[in-house]
Amino acid sequence: MKLRFDYNNMMEAAIGKHGLKDNVFAKNAAKIEAARNAVLAARGKGWQEWCDLPYLPESELNETIAYCEEIGKKAESFVVLGIGGSALGPLSVASALLHLHHNELPKATRKAPKFYVEDNVDPERMAALIDVLDLKTSYFNVITKSGETSETLTQFLILYSMLKEKLGVEEAKKHIIVTTTIGKGTLYNIAEKEGFKIFGLGQGVGGRFSVLSNVGLVPFAVLGLDIKAMLAGAAAAAKSAEEADVRKNPALITAFMQVESMKSGKNVSVLMPYADSLKYMADFYCQLWAESLGKAVDLKGKEVHAGQTPAKSLGVTDQHSQVQLYTEGPYDKVVTFLAVDNYRTKVVISDDKDVDACDFLKGHTMNELIDAERKATEFALRKAGRSNFTIYLPEVSEETIGELLMYFMYETAFAGALLNIDTFNQPGVEEGKKATFAMLGRKGYEAKLQEVNAAAVRPEYIIK
């Protein structure tokens with residue numbers, strides 16, 4: 001792997017009584033090994049088909065790249081319609097690898113379509129999107145694994161109707177790309193009938209684990225990103241997850257440390273990248289960690305209410321809004337820093353002789369400053385006895401992003417195994433989906449509507 005992991009500040013030697021003792025790994029060797037074996041034995045089976053994504057056939061990748069390159073040449077704008085993993089994965093990677101103001105660049109400079117990810121059904125947001133699109137040069141990637149996601153189907157219905165009105169039926173069909181489970185769901189049936197281009201999803205690739213499937217690969221290829229390098233990085237992370245020695249297995253050791261931290265009341269996991277390019281990686285992590293680990297019962301049916309609340313933070317920005325809490329508030333957090341060794345540009349702080357101040361900054365670079373600020377925050381947390389560790393990316397590239405994504409997925413899987421919960425289901429989410437269907441009058445949900453309507457609402461608890 002190219003990524004490096006420094007967990008000094010998780011240990012008692014660095015942060016005192018709130019840290020982990022050095023013998024904790026040896027004492028729990030059997031438990032750690034059992035969790036590792038459980039995850040590795042299930043690779044490629046059931047809901048762990050995501051483990052196979054780094055090894056997609058070359059021929060399949062070449063076909064995807066060839067098709068998507070043609071779309072990239074035609075499109076002025078490429079829009080992902082999705083929610084949850086169908087949106088957060090593409091958004092986090094594109095934000096990491098594209099110019100930070102990609103959509104504002106002149107077309108000749110950006111050399112790729114403008115990119116939008118629409119992951120909500122706020123009517124003002126939809127209206128705002130329509131205001132900035134030229135439908136004649138816009139292409140839409142409709143993504144939902146189940147093919148039944150209400151929010152995504154809503155977006156599709158609105159935009160497809162507008163495309164047909166603007167371009168005519170046959171031309172409109174060419175502007176829709178569907179990513180869904182083959183042979184299953186409302187969206188697949190519509191796509192087959194309408195003749196849309198369809199990219200399939202494996203049955204065992206859940207939404208939050210799908211970023212390296214066609215959910216992500218299609219938009220990344222349209223944008224001209226190197227998806228082969230991304231998968232190569234993911235493969236390196238997958239290989240490291242096989243290591244039997246926990247101290248050589250980043251995903252396993254950090255999962256174990258997080259679970260041990262939960263036992264001592266550290267129920268908040270903060271991801272704090274020190275790079276604007278990685279800002280939305282925290283959103284991706286939050287969904288992955290929350291939906292996977294937040295479970296009411298364990299695999300034996302015992303009520304456990306497991307999980308650790310993920311939180312997102314951005315260095316240096318949130319040093320001025322959140323770090324006060326992290327250093328002096330409750331001992332309930334583990335902070336994971338994302339550090340970048342080499343940013344893709346260097347900016348020198350001007351040595352302006354006319355400004356008789358700030359001499360300590362002059363002649364340095366912004367690169368030096370952001371690195372110093374991260375190290376200073378790590379030091380402040382360490383001094384205050386607060387658990388934290390740092391993941392170093394040598395640079396932000398397709399390969400390192402692929403590694404980081406696969407590391408997060410394996411870390412989550414190992415944590416779920418250590419907690420003895422079903423990492424891959426989401427019954428709490430499903431309950432909300434069913435209630436939504438019922439309230440919108442979907443057939444077959446009449447009993448659920450009665451249940452929803454029966455929920456007591458007491459007027460004395462409403463302030464008018």
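Sequential numbering from 1 along the given sequence is applied to the chain's residues.
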J.: Might you confirm whether atom NZ of K266 has over 12 heavy atoms from other residues, nucleotides or ligands at distances under 6.0 Å?
T.: yes
J.: Could you list all the ring pair (Phe, Tyr, Trp, His ring centres under 6.0 Å) pairs where at least one residue sits in residues 172-205, not counting sequence neighbours?
T.: Y67-F199, Y139-H175, F156-F196, Y160-F196
J.: Walk me through whether E70 and K174 qualify under salt bridge (Lys or Arg N to Asp or Glu O under 4.0 Å).
T.: CA-CA 12 Å; E70 289 304 309; K174 299 175 185 178; over 6 Å; no
J.: Could you check whether Y407 and E403, counting side-chain N and O atoms only, form a donor-acceptor pair closer than 3.5 Å?
T.: no
J.: If I compare all heavy atoms of A96 with all of I401, which pair ends up nearest, and what's the gap?
T.: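 Taking A96 first and I401 second, the nearest heavy atoms are CB-CD1, 3.8 Å.
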J.: Looking at side-chain heavy atoms only, is the closest gap between I143 and L81 below 4.5 Å?
T.: no
J.: Go through the side-chain N and O atoms of K228 and N62 and say whether any donor and acceptor fall under 3.5 Å apart.
T.: yes
J.: Carefully, step by step, assess I130 and M162 under the rule side-chain contact (heavy atoms from CB on, under 4.5 Å).
T.: CA-CA 10 Å; I130 293 166; M162 294 183 67; 3.4 Å; yes
J.: Testing the 3.5 Å rule here: is there a donor-acceptor pair between the side chains of N189 and T186?
T.: no
J.: Between CD of Q155 and OG1 of T144, what distance do you get to the nearest 0.5 Å?
T.: 10.5 Å
J.: Write down the atom of A191, the atom of V178, and the distance for their closest heavy-atom approach.
T.: CB-CG2, 4.0 Å
J.: Do E118 and R125 have side chains that approach each other closer than 4.5 Å (heavy atoms only, starting at C-beta)?
T.: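 The answer is yes, as the side chains (C-beta and beyond) meet within the 4.5 Å cut-off.
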J.: For the residue pair T179 and N141, confirm or rule out a side-chain donor-acceptor distance under 3.5 Å.
T.: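 On atom types as modelled, these side chains qualify, holding a pair under 3.5 Å.
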J.: Applying side-chain contact (heavy atoms from CB on, under 4.5 Å), run through L163 and K173 and close with a yes or a no.
T.: CA-CA 8 Å; L163 283 168; K173 292 177 181 179; over 6 Å; no
J.: What's the shortest heavy-atom distance between I176 and V142, and which atoms?
T.: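 Scanning both residues completely, I find the closest heavy atoms to be CG2-CG2, 4.1 Å.
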J.: Hey, does the side chain of N103 reach the backbone of F115 with a donor-acceptor pair shorter than 3.5 angstrom?
T.: yes
J.: Looking at R43 and D52, is any side-chain nitrogen of the basic one under 4.0 Å from a carboxylate oxygen of the acidic one?
T.: no
J.: For E165, does the CD atom sit with more than 12 other heavy atoms under 6.0 Å from it, leaving out its own atoms?
T.: no
J.: Do S92 and Y285 have side-chain atoms, one donor and one acceptor, less than 3.5 Å apart?
T.: no
J.: Do you know the tightest heavy-atom contact between I421 and A306?
T.: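 Shortest heavy-atom contact: CG2-CB, 4.2 Å.
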J.: Quick check: do L133 and F140 have side-chain heavy atoms less than 4.5 Å from each other?
T.: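 Yes, at least one pair of side-chain atoms sits under 4.5 Å.
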J.: Mind checking the NZ-CD spacing from K263 to E260? Nearest 0.5 Å is all I need.
T.: 4.0 Å
J.: Working to the nearest 0.5 angstrom, can you tell me the gap between L393 CG and T400 OG1?
T.: 4.5 Å
J.: Does E395 offer a backbone N or O that forms a donor-acceptor pair with the side chain of N342 under 3.5 Å?
T.: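 Not at all, since once roles are kept as given, no pair shorter than 3.5 Å links the two residues.
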J.: Can you tell if the side chain of T149 reaches within under 4.5 Å of the side chain of S146, non-hydrogen atoms only?
T.: yes
J.: So, does D226 use its side chain to make a donor-acceptor pair with the main chain of A229 at under 3.5 Å?
T.: yes
J.: To check you understand the geometry: which heavy-atom pair defines the closest contact between A221 and C68, and what is its length?
T.: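 What the structure gives for the nearest pair is CB-CB, 3.5 Å.
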J.: Counting distance only, does the side-chain N/O of T154 pair as donor-acceptor with the main-chain N or O of S150 below 3.5 Å?
T.: yes
J.: State, yes or no, whether a side-chain contact exists between V334 and F389 at a heavy-atom distance under 4.5 Å.
T.: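 Contact flag for V334/F389 side chains = yes.
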J.: Determine whether S313 and Y326 make a side-chain contact, defined as any pair of heavy atoms from C-beta on separated by less than 4.5 Å.
T.: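 A side-chain contact under 4.5 Å exists here.
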J.: For the backbone of Y274 and the side chain of R374, can you confirm whether one donor and one acceptor N or O come within less than 3.5 Å of each other?
T.: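 Flag not set: sc R374 to bb Y274 has no pair under 3.5 Å.
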J.: Counting only N and O atoms by type, is there a donor-acceptor contact under 3.5 Å from the side chain of S240 to the main-chain atoms of A237?
T.: yes
J.: Hydrogens and angles aside, do Q258 and Q308 bring a side-chain donor and acceptor to less than 3.5 Å of each other?
T.: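 Yes, a side-chain donor-acceptor pair sits under 3.5 Å.
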J.: Side chains of Y410 and R36: any donor to acceptor distance under 3.5 Å?
T.: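 Absent: no donor and acceptor within the cut-off.
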J.: Taking the side chain from N28 and the backbone from K31, do they hold a donor-acceptor pair closer than 3.5 Å?
T.: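 Between the backbone of K31 and the side chain of N28 there is no qualifying donor-acceptor contact (under 3.5 Å).
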J.: Using a 4.5 Å cut-off on heavy atoms from C-beta on, say whether the side chain of N249 contacts that of D245.
T.: no
J.: Which residues pass the salt bridge (charged side-chain N to carboxylate O under 4.0 Å, His left out) test with E124, sequence neighbours left out?
T.: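 Scan of E124 (salt bridge (charged side-chain N to carboxylate O under 4.0 Å, His left out), adjacent residues dropped) gives none.
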J.: Could you tell me the separation between the CG atom of N367 and the CD1 atom of I370, rounded to the nearest 0.5 Å?
T.: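 N367 CG to I370 CD1: 8.5 Å, rounded to 0.5 Å.
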J.: Taking K302's backbone N and O only, do any of them form a donor-acceptor pair with D298's side chain (distance below 3.5 Å, no angle check)?
T.: yes
J.: State which residues pass salt bridge (charged side-chain N to carboxylate O under 4.0 Å, His left out) with K433; sequence neighbours excluded, sorted by chain then number.
T.: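 For K433 the salt bridge (charged side-chain N to carboxylate O under 4.0 Å, His left out) partners, ignoring immediate neighbours, are E430.
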J.: Check step by step if side-chain contact (heavy atoms from CB on, under 4.5 Å) holds for N388 and T336.
T.: CA-CA 6 Å; N388 67 90; T336 304; over 6 Å; no
J.: Between F424 and W47, does a ring-ring contact (aromatic ring centres under 6.0 Å, His included) hold up when you go through it step by step?
T.: CA-CA 6 Å; F424 306 102; W47 286 103; 7.8 Å; no
J.: Identify the heavy atoms of L201 and S213 that sit nearest to each other, and give their distance.
T.: CD2-OG, 3.2 Å
J.: Given side-chain contact (heavy atoms from CB on, under 4.5 Å), test Y280 with K312 step by step and report yes or no.
T.: CA-CA 9 Å; Y280 289 101; K312 54 188 179 179; over 6 Å; no
J.: What's the spacing between N420 CG and L299 CG if we round to 0.5 Å?
T.: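 Here the rounded value is 4.5 Å.
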J.: Yes or no on side-chain hydrogen bond (donor to acceptor under 3.5 Å, both in side chains) for H102 and E104, after CA distance, side-chain angles and deciding distance?
T.: CA-CA 5 Å; H102 174 80; E104 297 166 41; over 6 Å; no
J.: Test E148 against every option in R442, K434, K184 by the salt bridge (charged side-chain N to carboxylate O under 4.0 Å, His left out) rule and name the one that passes.
T.: R442
J.: Would you indicate whether the side-chain heavy atoms of K45 and Q48 approach each other to under 4.5 Å?
T.: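 No. Closest side-chain heavy atoms not under 4.5 Å.
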J.: Ignoring hydrogens and geometry, is there a side-chain-to-backbone donor-acceptor pair from K295 to N425 under 3.5 Å?
T.: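 Yes, the answer is positive, given that a donor and an acceptor are paired below the 3.5 Å cut-off.
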J.: Distance from D318 atom CG to K279 atom NZ, nearest 0.5 Å?
T.: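 Here the rounded value is 8.5 Å.
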J.: Please check if the side chain of K145 supplies one atom and the backbone of Q203 the other of a donor-acceptor pair under 3.5 Å.
T.: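 Checking the backbone N and O of Q203 against the side chain of K145, a donor-acceptor pair under 3.5 Å is found.
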